[in-house]
Structures are given as C-alpha cells and as structure tokens.
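Reading through the structure tokens given below for one structure.
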Amino acid sequence: LPPLTYKVVAECSVSKARAGLMTLRHSEVRTPVFMPVGTQGTMKGVLPDQLIELDCQILLGNTYHLGLRPGIETLKKAGGLHKFMSWPRAILTDSGGFQMVSLLQLAEIDEHGVNFRSPFDNSECMLTPEHSIQIQNAIGADIMMQLDDVVKTTTTGPRVEEAMERTIRWVDRCIKAHARDDEQSLFPIVQGGLEIPLRERCVSALMEKQVRGFAVGGLSGGESKHDFWRMVHVCTDHLPRDKPRYLMGVGFAADLVVCVALGIDMFDCVFPTRTARFGCALVDSGQMNLKHQKYKHDMEPIDKQCNCNTCKRYTRSYLHHIATNESVSCSLLSVHNVAYQLRLMRSMREAVLVDAFPQFVKDFMARHFGSDPIPSWIREALSAVNIELPPDASEDQAVNS
Amino acid sequence: MKFIIKSISKNSGRLGHLRIKESSELQTPLLLQTTKGGSIPYLSADVFGLVSREQQVLQLTLCTMDQMAESLDQWNRSLGDYVGYPDYNTLLLLRDPCEVTPSGGNDRDVVPLFTRRGKESLTAERYMQLVTSFAPDVYQGLCDADTNPESTKKRVQKSVDRTERFMQHCFKQHRELERLKDSTLLAPIVGGYNTFARTQSIKHAREQPKGTYGGYIFEGFHTNGIAATSLNPSQLLPIVDHCVQQIEDELPRLMPGAFTPVLMLELIRLGVDIFDTSYAYCAAVNYKALTFSYCIDKEEHSAFLDVTDEAIKEQFTPLLEGCNCLACQKHTRAYIHHLYKTNELLGPILLMIHNLHHYMGFFDVIRDSISADQLPALLDYVRHQNMSTDINYCIEPNNKTVGKAAMGKGFITAAN
Ligand SMILES: [Zn+2]
Ligand SMILES: [Zn+2]
C-alpha cells in the first residue's frame, strides 16, 4: 500500500469544496483538515493525549527547529519524531527553508541551496534540497515538503520567476534524495508569486512529477487578500482532483472557509496557539480577548456550544484573571482554540458531505462578521465559486438612500 | 470540618480521618494540592485528572488570588467550582508556600500581602472581607508570620502580639459572619523559634471557647519557597514538638511549606497532620524530577534527576524506572530534556505530573507505615536511600539559561 492514499468522498455541487479521506501510515485524516503546529516536537502546553481527545489527526513539525534541537542524530536514535514525542498519529514537516529565510539574518538563496549563518557559531552554512530531505527522512513525518526557493510574497519582477523555476528544479533533487518513499510522501510546492501565468506554469510542471499531493506556497505573507484568493483559485483550478492540496500557513477562520470553498484540503497556522498566549480565545465572531475588563465578572464559558475541557470547566471570569498570569492559562486557551479550529473544519466537512456547504458558508460569514460589512475579497472569492453572499445591511441602506 | 483520630503512636505519628463539609473521608497525614491563581501549577483540571482521580483538597493562596475577590462576590457556586474543581474542598492561606515571601511591611495594624501587582496592606477587617468573598471550606486566621531562625526575640514577640490582635477580630467575625458559617477557621500559632513566644501564641488561641476554630496552622518557622528545604531539623523539631505538646490532640495541625521528605516524616512523627505539595512544585520548577524511593529495597537511589543534565540527552527511558505516572509511561528523559532546552511549556507540565504522582504515592506509603507502626523504618530508609551518607534533599535554585551551545550541531553542513 502506498504511504498516502487520498480519495474524494464528496464534492460540493456549487463550489470547489470537497470532503476527502487521506490514509497515512500513522492515521486516517479526514479533509478538509487543520493541522496544529507543534514546532519543537510539542504543541504549546498540550499533551498528545489531549490532542487525541480533541480528535486532532495530524500535527505539523518544523524541520529547521527540530534539526537544531534535538538534532537529527538524537531523532534517529529515538526512532523518529513520532516516537520521540509520543505522538501516534500523522505528522507533516516543512522543509526548513522558509523558517531560515524568515528567522535568520543573511539567509541567501542560490542554485545550491539556502546559505545562512549558523545561529550558534556564526559560521557560514548551507541547507540544500538534499539536506532538507535527509533531515525530514530522519524526522520520519508522514508528509514532507520539498525545499523551495522562497521570496517575499510582495516581491515582483524576474526574481519571482527565477524562484518558481528553481523550485521546480529542486523538486527533482528532493525526489532523488528521498530515501524513504515507501513510508513518507514528498509534496512539491507551487510557487509563482502573485502572477497567474507563473502559478499555472508551476502547477503544470509539478504535475509531471511523481508525487502524492501538492502544497501551495508563497502566500499568506502580507500580500493583498485580492491577490491571495486569486492565486489559490488558479492553483486549485489546475491541480489534479485526486490528490490532496495543502495551503501553507493559512489559519484565520474566514480564510479557512473561503479556501475550502476554493478547493483546499489542508491548512496549518500558529495563530490559534500564539493568540492563546496573549489571552485570546477563538469564537465564531472572531477573537475574544479575555484580558478585557468586560469579562471580569462574566460567569459564562468562552463558548457555550464548545465541548472542549476548558469550556466545560472554566468561566470567562476565571480565565480573565489567570490569562497571561498563570502559565496554565496558555494550555487552557490552546485547548479551546485548537478545538475551535478542528470543529470548524469538521463542520465544513459535514456540510460538504450533505451538500449543504454554500449555506454553511453564508451562515458562518453572518456569524463571523455580524453587523460589520463582509470584506469585498471574500464576496469576490466566494462568487468565483458560485456562492453569493447576501448584501450587507449597510449596503442596503446605501442603496435605499 | 470533622477530625477523628484513628491511632496515635509514640514513634510513628498519628493517623486520622478528616471530613470537610460533605467531602468523602480524607486520610491524614494529608497532602494538600498547592495552587497558583487557583490552579495546580502548570496543570489544567483535566490534566490533573490524569494524575489523580481521588478527591483532593486545594490549598489556595490569597496572595495569588486576591484580584478574584470581586468576581467571587458574584459567583454563587463553590470556590472549588470557580477554579475548575467542583468536587474538591478548598483551604485558603495567606501566603504562597512555593515562593519566598519578602520580609517587612508588618506595620502595627496590617499584614503585607505580596501580590503580582505589588504589596497590599491587609488589616484584619479587610482580610475577613476577602475571606468572606472567597468563602473557602477552611481558612487560616490572619497572622504575622514574618519570622525565621534568625529573627530577634523582639521581632518574634511582635509577631505574637500582632497575631493576637488580628485574631481577636478574626475570631469575632468568624462567629458572626453568615457567609462563613460553613467554613472552618484554623488558628495560627506563631512565635518563631522561641518556646516562650510559642507558648503565649498557643495560649491566646486556647482562650477561645471550644469550637471557635477547627484546627491549627503552624506559621513563622520559615518564609516559604525553597528556603524551607534547607531548614535545620535540630532547630525546628524541638520547637514543633513543644507546640504539639501544648495543644489538644483532637484538632488537626497544618504546617505549610516545601519541607524535604525527611523533614516531613520527622514532622509527621511529632504529630503534624497536614502538608502540601510545594516541595514537588519547587523541584519541578528547578528542573528536578523526584526519584527518591519510599518502597523499601536494597538499591541505592538519588533524590532527584536533573533534567538539564546533558547526560540524559539520549536516554530513552522514563524519568523514574517503574513509575506509572503519565509522564513516565509515555515520555522519555531525552524528550523532557529537549523540552527544557527549547523552553517548552510541556516540560514543567510533565515534571509536575511526575512529581505530584510521586509525592502522592509517598503519602500513601507514609499512611501505611504509620498504620503498621513502621514510620521510623521508613524515615531511616528515606534518609539514606541505601547510601552510606544522608541524602541531600535540599533544592538549589537552578538558574540555568539555555544558551546557543545547547543547540545540536547535527543539522548544519558547512558551506563548501
Ligand atoms: Zn472551548
Ligand atoms: Zn513518573
């Protein structure tokens, strides 16, 4: 059996949304899926058993961080990351390249790989496509990413095309270096900046490679949302139907809903756990900053509908007092926030299964934006896949007056 | 609160039953769960549920929770419920035994409360107001406990006099306040290391009509935090013994603080009934897993495993072989060492899980030993761990910071 099989279980009859089943060596993953980020081999203050209780099916690990600590020798001796961190379900790793470029000074990319200064002795070092794969083979994640040529999403001009072409060349080097193809699946990454023809060329070049799924990269880095959704749209238009599609680094609730409508299956984002550290809980209407004085005497749970252990036992009032003061608050809010993301994905999947996804999207947007106007990019993106949102209340008024 | 003594032995301490409100019967010697801001440190209630399914008593501290008083005024369920433990009983202390309490600030009519937001000066009136907001099942009386082995005679006398004054108010209010009619008051005994002062302090409490308070809390022996782990037993034990001799057998005695396992056993032998888990916490935050043995065997054991130790970097074995806590069942020394190096929150979580589990197991064995009249044998075993010298159970502050050197080099290839 291949290490990854994917089948579309249901498709929305209106939009490009789909429900799928991805079978990996460590777990079955029901898509669309959100992957919480466990950067250093742990998800911020949450035990593996708690993640399983939340029905988390796949976690993301960061190759750059894991390569530094504990390091590949230790990971090899441990028998891979699953065993090292006692996580029995699926793991996906990134290539390490993006983290280097965003975290390290002096990271530069040439045809060989990513040049950088070692964070511990400042010596000149390089991460090549081959090396990234070696590390990811040692980590042993179910899904791994190719090393890609990363440029800022706002970059324009020939550098974008160069990065796209180089990314395609590097896929071959990664495939060649991949030593555990019977256990781990390597995803190439669609690049091409904010230019539709480049994205199209990249997708068609990558579709010639022997791979079991695709990632869409180079987005979610500060580009305009109007560009963002168009790039996702063009990629999903051309990517094969029978393989999973992973949109890297996207995780705000409204973005998740739009991108599922555009046909994306997998997402990851540090936001749910990062915002937990600052005392913020995710709810349908956005974020609830529990540090706000208005929650001081609020004896309701964060969300009455939520069945996570935090909402079962704790009030907003108590969380208000301990948020950012006691470290346990970070665990409590992370549990709720991950539960929120996973539940959102589950409800989208269920909506697709009964072909009620467009209505789900409309209801969600109404809850999410309330009386605020819905951003035009969301209207346009959804309209591109035949979901027409009702006009904003304020637009009505504009028309009437 | 109801306390029934089951057995008293000259050398083996005493066993008892404690029933707080409608709780199930709790066995003494009893271990209270120490908390910060109402939560067991680092552990959410559902994670603590993986450590113990038994009903516990939470030791809440006013200095980490005072900001919640106003909210609690509007809360109509139990204090335990507010902090996520609806089935647990609560006991409210002034100070946090886990952290060193700063000295000073004891003016004539106030006791300082060192909170996260700074120092607040508590009068007896204000204190009883706060207690009323919290409505704990058990609470301590207000006292000046700012004494330690070095305190002067004058300072000690002041702590006794002030405490007497504070307690006149507390006793009176305790009898009168409707909201506290189901709460039990613990009378504080202060007086540093001075037998005369301790006698006076006990006399002040015992002058009250029977039934005014339901137990004693011994204060003023140390000022909390890891300093309690290095108390000198030959100084401490005679004075505790002196106190125990002068109070009635029928009431339970609480002594908060991070005492070493050996000192705790000595105190139990003298007749102290209630302790807390601050030692387990202090070890965890200083990156130590408790590894001392309390199941008598012939092997040598050390007090701790230091998880910052490079030597365990690739030890894929549990913190403590044979331990059936969640941390030891599922995770390795190597992983917990990695969590330390990456400064990840799961590190102290796993250490707390192990240390609490270990310490609760220790208390089970202590109660068994008392009932078998074998406490001295256990004490001797814990003291030596089959080594030729006494084990050092003192917790040193571990201020290690994770530097760049802690990063593995396996990742990096040199540029060519
Ligand atoms: Zn929740
Ligand atoms: Zn253990």
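Throughout, a chain's letter reflects where its sequence line sits, starting with A, and its residues are numbered from 1.
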Distance from B:Leu339 atom CG to A:Met85 atom CE, nearest 0.5 Å? 9.0 Å

Around atom OH of B:Tyr88, are there more than 12 heavy atoms of other residues, nucleotides or ligands at under 6.0 Å? yes

Which of these passes side-chain hydrogen bond (donor to acceptor under 3.5 Å, both in side chains) with B:Ser71: A:His297, A:His320, A:Lys296? A:His297

Would you call B:Ser44 and A:Gln50 a side-chain contact if the rule is heavy atoms closer than 4.5 Å? yes

Given heavy-atom pairs under 4.5 angstrom as the criterion, report whether the side chain, backbone, both or neither of A:Tyr318 touches chain B. both

Closest heavy-atom pair and its distance - A:Glu73, B:Glu314: C-OE2, 4.1 Å

Whether B:Arg116 and A:Glu326 form a salt bridge (side-chain N of Lys/Arg under 4.0 Å from carboxylate O of Asp/Glu) is what I want to check. yes

More than 12 heavy atoms of other residues, nucleotides or ligands under 6.0 Å from CZ of B:Arg53: is that the case? no

Any sub-3.5 Å donor-acceptor pair from B:Lys36's side-chain atoms to A:Asn325's backbone N or O? no

Can you give me the closest heavy-atom contact between B:Val83 and A:Tyr314, atom names plus distance? O-CE2, 3.4 Å

Interchain contact, A:Asn309 with chain B, by part (heavy-atom threshold 4.5 Å): side chain

Write down the atom of A:Ser331, the atom of B:Ile349, and the distance for their closest heavy-atom approach. OG-CD1, 3.7 Å

If one checks every heavy atom of A:Gln40 against chain B at 4.5 Å, the contacting part turns out to be both

Below 4.5 Å from any heavy atom of chain B, which atoms of A:Thr315 appear? Answer side chain, backbone, both or neither. side chain

If I measure from the heavy atoms of chain B, does A:Val335 come under 4.5 Å with its side chain, its backbone, both, or neither? neither

More than 12 foreign heavy atoms under 6.0 Å from NZ of A:Lys176: is that the case here? no

Over 12 non-hydrogen atoms of neighbours within 6.0 angstrom of CZ in A:Arg173: yes

So which part of B:Asp81 gets closer than 4.5 Å to some heavy atom of chain A, the side chain, the backbone, both or neither? backbone

Could you give the distance from CG (A:Leu81) to OH (B:Tyr335), rounded to the nearest 0.5 Å? 8.0 Å

Leading residue by heavy atom contact count with chain B [cutoff under 4.5 Å; candidates A:Gly79, A:Ser86, A:Gly113]: A:Ser86

side-chain contact (heavy atoms from CB on, under 4.5 Å) for A:Ile322 and B:Met68? Distances and angles first, verdict last. CA-CA 9 Å; A:Ile322 64 164; B:Met68 301 182 192; 3.8 Å; yes

Over 12 non-hydrogen atoms of neighbours within 6.0 angstrom of CD in A:Gln305: no

Within the supplied structure, the quantity of interest is the number of heavy atoms (other residues, nucleotides, ligands) at a distance under 6.0 Å from B:Glu22 CD; does it exceed 12? no

Could you tell me which of A:Lys83, A:Lys312, A:Arg313 has the largest number of non-hydrogen atom pairs under 4.5 Å with chain B? A:Arg313

Candidate list B:Asp46, B:Leu43, B:Leu50, test side chain to side chain contact (heavy atoms under 4.5 Å, CB included), partner A:Leu47, passing option: B:Leu50

Answer yes or no: is there a side-chain heavy-atom contact under 4.5 Å between B:His331 and A:Pro48? yes

Of B:Gly84, B:Gly347, B:Pro86, the largest count of non-hydrogen pairs under 4.5 angstrom with chain A goes to B:Gly84

Go through the steps to decide whether A:Lys44 and B:Glu344 satisfy the test side-chain contact (heavy atoms from CB on, under 4.5 Å), and finish with yes or no. CA-CA 7 Å; A:Lys44 299 288 169 214; B:Glu344 283 282 351; 2.9 Å; yes

So which part of B:Phe316 gets closer than 4.5 Å to some heavy atom of chain A, the side chain, the backbone, both or neither? side chain

For B:Lys330, is there an ion pair with A:Asp49 - N to carboxylate O distance below 4.0 angstrom? yes

Segment of A:Leu332 engaging chain B (4.5 angstrom heavy-atom cut-off): side chain

